[in-house]
Structures are given as structure tokens and as C-alpha cells.
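Let me begin by presenting the structure, written as C-alpha cells, before commenting on it.
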Amino acid sequence: MAENVIQQKSFKFALEIIHLYIKLQEQCEYVLSKQLLRSGISIGANIEEAI
């Protein structure tokens with residue numbers, strides 16, 4: 001089955017969140033970066049579950 005547009009966009013968004021997470025970790029923003037990572041990646045998980 002082909003991926004739809006929402007899946008593709010959520011995957012790209014998750015990659016951007018991971019890059020931002022890495023940058024925040026380098027600046028010692030541990031609490032903020034972990035929460036951002038969890039909330040940013042959960043979007044893709046919710047989309048997969050809905051499909």
C-alpha cells in the first residue's frame with residue numbers, strides 16, 4: 001500500500017524534531033529536548049495507529 005501525504009509529512013516532521021533534539025542536547029537543554037522529542041514523534045505514532 002502506498003503511503004499517503006499525511007504519513008510523508010509526519011515522517012519529515014519527525015526527522016526535523018530529531019535534528020532539533022540533537023541541537024538542544026548539545027546546549028544542555030535536557031528536559032525541554034526530551035519533551036519535544038516525545039511529543040513530536042508521537043504524532044507519527046498516532047497517524048499509524050489511526051490508519
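Owing to the predicted nature of the structure, the values given are computational and were not obtained by experimental measurement.
Rounding to the nearest 0.5 Å gives a distance of 9.0 Å between CD1 of I41 and CG of L15. Atom CD in E29 sits 14.5 Å away from atom NZ in K23 (nearest 0.5 Å). Atom OG of S10 is separated from atom CD1 of I43 by 8.0 Å, given to the nearest 0.5 angstrom. In this structure, the separation between CG on N46 and CD on E49 is 6.5 Å, given to the nearest 0.5 Å. Summarising the geometry, atom OG belonging to S33 is positioned 11.0 Å from atom CD belonging to E26; distances are rounded to the nearest 0.5 Å. The CG atom of L24 sits 9.5 Å away from atom CD1 of I17, with the distance rounded to the nearest 0.5 Å.
Under the 4.5 Å side-chain heavy-atom criterion for ILVMFWY residues, a single connected hydrophobic cluster contains both F13 and I51.
L32 CG: more than 12 foreign heavy atoms inside a 6.0 Å radius.
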| request: Given side chain to side chain contact (heavy atoms under 4.5 Å, CB included), test Q7 with N4 step by step and report yes or no. | output: CA-CA 5 Å; Q7 284 178 312; N4 63 23; 3.3 Å; yes
